[in-house]
There are 2 protein chains.
Amino acid sequence: MIELDNAKDEIEKGIINQDMLILVGNCFVDYLGRATSKLPKGKRLVLIKGDGSIAIHQNRLVKPTNYRVNTRIGCELVDGTLVVKANKQKPAEKLTITFQNIQDIKRYEIEATNELRLSGSERDLNELLMQDLSMIEAGLKPVNQQQQFRKGIADIIAEDKDGNFVVIELKRRQADFASVTQLHRYMKEVENMKGKKARGILLAPDIRKNARELLEQLGLEFSKLDFELTPNEKEKAKIKGLEHKQQKLF
Amino acid sequence: MIELDNAKDEIEKGIINQDMLILVGNCFVDYLGRATSKLPKGKRLVLIKGDGSIAIHQNRLVKPTNYRVNTRIGCELVDGTLVVKANKQKPAEKLTITFQNIQDIKRYEIEATNELRLSGSERDLNELLMQDLSMIEAGLKPVNQQQQFRKGIADIIAEDKDGNFVVIELKRRQADFASVTQLHRYMKEVENMKGKKARGILLAPDIRKNARELLEQLGLEFSKLDFELTPNEKEKAKIKGLEHKQQKLF
DNA sequence: GCGATCAGCGGCACG
DNA sequence: CGTGCCGTTGATCGC
């Protein structure tokens with residue numbers, strides 16, 4: 001066990017230094033903000049970061065039980081306990097950790113960089129498709145990418161060989177109800193703007209059965225998007241194929 | 001710095017014991033699964049939990065750069081590095097952390113409980129409303145709570161004093177486009193099932209301006225939900241009032 | 001700052 | 001197991 005006043009010094013040093021801090025000890029946690037919560041007494045691990053993020057972890061799941069981001073963290077000794085507070089205004093939120101004891105406290109100097117290079121995101125796939133819209137359908141030409149409307153932002157807008165506007169919504173994973181209604185909303189908006197019928201194509205690796213039903217009722221199209229992730233850093237991802245489900249009939 | 005073979009022993013001990021493990025050191029991280037990512041060499045903090053959760057943290061933000069949940073974690077010494085792997089099938093995912101060195105390794109015995117008592121969730125508000133639907137509108141009677149359709153699950157279905165079906169969608173925070181289309185979807189489904197017109201009411205503390213426009217176009221109603229969080233453990237939350245925006249005109 | 005949307009969403013509850 | 005959806009969603013990007 002660590003003396004609480006020593007712990008306090010160490011925490012304050014860590015906060016000033018923008019270190020990463022690990023606190024382990026018996027504590028309870030109160031949160032009042034967008035919701036309220038009480039975490040009863042128990043042994044937890046608290047992770048404080050240089051940017052004022054704080055997370056209380058129990059020994060399960062990746063997500064913390066309690067957390068707060070981008071806040072000013074302070075601590076004080078109160079009645080033989082060490083109280084760590086992470087409060088914030090707008091929205092008003094209070095996070096209070098009360099330690100009965102501190103078993104361990106660790107301070108690590110780690111730079112606050114963000115160097116993760118991720119690929120296979122929707123943005124990547126979008127870029128790939130824009131390079132050659134004919135992958136989706138022969139004769140398709142880009143009109144406007146990520147065009148903003150009053151009712152949202154469509155992923156891709158194009159014009160098909162017959163001069164119809166085509167709204168394309170791209171999903172990197174199985175499409176659901178929300179994906180379908182999203183596309184429908186954009187399609188309606190385009191129809192309103194242009195004053196004529198438009199098409200809507202949902203592009204995803206898969207679609208849930210009921211979502212597919214809704215899609216068809218709304219007069220939208222689904223096209224299976226088959227893409228491959230490349231561990232190679234040079235190319236971000238690779239689109240292996242696109243398959244209109246309707247074509248299966250032939 | 002810690003000898004890598006000692007670190008390996010300690011990690012393996014921790015995994016068997018289902019402890020919480022903290023590793024700090026220079027490493028790079030490769031992920032291949034639903035997407036791919038590379039995190040170049042740098043000093044990071046890795047948190048491993050008893051249920052096989054693993055998270056790589058940099059010194060900013062609450063969320064880890066890389067993570068994996070519910071996996072079998074193994075480690076081995078390879079060419080003077082310590083490699084921690086968290087692989088999984090279905091879907092196939094590989095997470096590999098390669099440590100050049102380990103500055104610190106900590107092992108904490110913490111029980112894997114989940115005792116957080118949270119209140120003010122949508123579920124709580126739903127329960128409160130169901131106790132007295134007349135808060136929403138005089139004469140409103142419950143028909144079915146959380147009724148399941150082919151196209152989703154409506155929060156509340158009721159009947160108004162004139163015998164119309166009323167579909168109610170509840171949001172604990174500012175309603176957006178998705179909230180509106182969600183309600184619309186349920187309302188249409190009820191109309192289909194019952195074979196007559198239905199009403200739809202969106203209940204939320206606030207609604208985005210454009211979402212409100214869409215809501216009105218779709219013939220739906222909005223009602224401002226004013227609720228209060230109680231730090232008191234006995235009562236979950238309190239609904240202070242409900243206000244139909246239309247009433248503001250009078 | 002707000003608005004809109006994605007996320008390797010995670011996690012949960014229900015069928 | 002999949003389906004649907006909430007979340008103190010968080011985080012990002014654009015305006």
Side-chain angles (χ1 to χ4, degrees), chain A residues 29 31-37 53 55-56 60-71 86 88 90-95 114 116 118-126 146-155 169-174 176-179 182 185-186 206-211 229, chain B residues 29 31-37 51 53 55 60-70 88 90-95 114 116 118-126 146 148-155 169-174 176-179 182 185-186 206 208-211 229:
Chain A
V29 184
Y31 166 71
L32 175 56
R34 286 163 290 178
T36 51
S37 75
S53 312
I56 294 107
R60 63 188 287 269
L61 305 182
V62 292
K63 290 196 173 182
T65 45
N66 287 99
Y67 56 90
R68 189 79 281 273
V69 64
N70 193 30
T71 180
K88 211 189 169 193
K90 247 189 113 128
E93 302 204 87
K94 277 187 181 181
L95 178 65
N114 177 25
L116 185 74
L118 185 127
S119 73
S121 62
E122 187 185 302
R123 204 185 187 87
D124 291 339
L125 298 176
N126 194 319
Q146 301 254 358
Q147 163 124 20
Q148 175 131 26
F149 309 113
R150 285 191 67 72
K151 297 205 177 44
I153 305 157
D155 283 345
E169 178 61 31
L170 179 61
K171 289 293 161 197
R172 67 177 311 287
R173 57 173 181 167
Q174 188 180 51
D176 55 17
F177 282 133
S179 318
Q182 202 182 352
R185 177 155 51 91
Y186 299 153
D206 196 8
I207 183 168
R208 293 245 227 304
K209 200 171 162 296
N210 290 347
L229 299 166
Chain B
V29 183
Y31 165 73
L32 175 57
R34 286 163 289 176
T36 52
S37 75
D51 66 345
S53 311
R60 63 188 286 268
L61 306 183
V62 292
K63 290 197 173 180
T65 44
N66 286 98
Y67 55 91
R68 187 81 280 271
V69 64
N70 192 29
K88 213 190 168 192
K90 250 191 107 123
E93 301 204 88
K94 277 187 181 182
L95 178 65
N114 178 25
L116 185 74
L118 183 127
S119 72
S121 63
E122 187 186 302
R123 202 186 187 86
D124 291 339
L125 298 177
N126 196 319
Q146 299 256 356
Q148 176 131 26
F149 309 112
R150 288 188 67 73
K151 297 205 176 46
I153 305 159
D155 282 345
E169 179 61 31
L170 179 60
K171 291 292 162 196
R172 68 178 309 287
R173 57 172 180 167
Q174 187 181 52
D176 54 18
F177 282 133
S179 318
Q182 205 182 349
R185 179 154 50 91
Y186 302 152
D206 196 8
R208 291 224 173 88
K209 201 171 161 296
N210 290 347
L229 299 166

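Below, chains carry the letters A, B, ... as their sequence lines are ordered, and counting in each starts from 1. Please read all numbers here as calculations on a predicted model, not as lab measurements.
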Taking the minimum atom-to-atom distance to the side chain of [X], which one of [options] wins?
X        : options               : result
A:Arg68  : C:dT5, D:dG10, C:dG8  : D:dG10
A:Arg173 : D:dC5, C:dC9, D:dC13  : C:dC9
B:Arg34  : C:dG3, C:dC9, D:dC13  : C:dC9
A:Asn114 : C:dA4, D:dT12, C:dG8  : D:dT12
B:Tyr31  : C:dT5, D:dA11, C:dG8  : C:dG8
B:Val62  : D:dC13, D:dA11, C:dG8 : D:dA11
B:Glu122 : D:dG7, D:dA11, D:dC13 : D:dG7

Distance from [X] atom [atom1] to [Y] atom [atom2], nearest 0.5 Å?
X        : Y        : atom1 : atom2 : result
A:Ile207 : A:Lys171 : CD1   : NZ    : 11.5 Å
B:Tyr31  : B:Glu93  : OH    : CD    : 3.5 Å
B:Arg172 : B:Arg123 : CZ    : CZ    : 14.0 Å
A:Arg68  : A:Asn70  : CZ    : CG    : 8.0 Å

Name the nucleic acid region contacted by [X], choosing base, sugar-phosphate or nothing; use a 4.0 angstrom heavy-atom cut-off, strictly under.
X        : result
A:Leu95  : nothing
A:Gly33  : nothing
A:Ser121 : sugar-phosphate
B:Arg172 : sugar-phosphate
A:Gln182 : sugar-phosphate
A:Thr65  : base
A:Phe177 : sugar-phosphate
A:Lys209 : nothing
B:Asp176 : nothing

**Prompt:** Looking at C:dG3, does its base get a donor-acceptor pair with the side chain of B:Asn210 below 3.5 Å?
**Reply:** no
**Fill in**
Scanning both residues in full, the closest heavy-atom pair of B:Ser53 with B:Asp51 reads OG-OD1, 2.6 Å
**Prompt:** Between B:Ala154 and B:Tyr186, what is the shortest heavy-atom contact and its length?
**Reply:** CA-CD1, 3.7 Å
Between [N] atom [atom2] and [X] atom [atom1], what is the distance in whole Å?
X        : N      : atom1 : atom2 : result
A:Asn126 : C:dA7  : CG    : P     : 11 Å
B:Asn70  : C:dC9  : CG    : P     : 16 Å
B:Asp155 : D:dG7  : CG    : C1'   : 14 Å
A:Leu61  : C:dC9  : CG    : P     : 18 Å
B:Glu169 : D:dC5  : CD    : P     : 8 Å
B:Lys63  : C:dG10 : NZ    : P     : 8 Å
B:Gln174 : D:dT8  : CD    : P     : 17 Å
B:Arg123 : D:dG7  : CZ    : P     : 10 Å

**Item:** Whole-angstrom distance between C:dG11 and D:dA11, as gauged at atom P
**Value:** 15 Å
**Prompt:** Which whole number of Å gives the distance between the C1' atom of D:dC5 and that of C:dA7?
**Reply:** 15 Å
**Message:** Nearest heavy atom decides the nucleotide; on that basis, is B:Arg60 or B:Gly152 closer to the 5' end of DNA chain D?
**Reply:** B:Gly152
**Item:** Nearest-nucleotide comparison on DNA chain C, the residue closer to the 5′ end among B:Val69 and A:Leu118
**Value:** A:Leu118
**Asked** Of B:Arg208 and A:Leu116, whose nearest nucleotide on DNA chain C comes first from the 5' end?
**Response** B:Arg208
**Prompt:** Counting only heavy atoms not in A:Lys94, do more than 12 sit closer than 6.0 Å to its NZ atom?
**Reply:** no
**Item:** Phosphate OP1/OP2 of C:dG11 contacted by B:Tyr67 side-chain N/O (<4.0 Å)
**Value:** no
**Message:** If you compare every side-chain N and O of A:Arg185 against the phosphate oxygens of C:dA4 (OP1, OP2), does one of them come in below 4.0 Å?
**Reply:** no
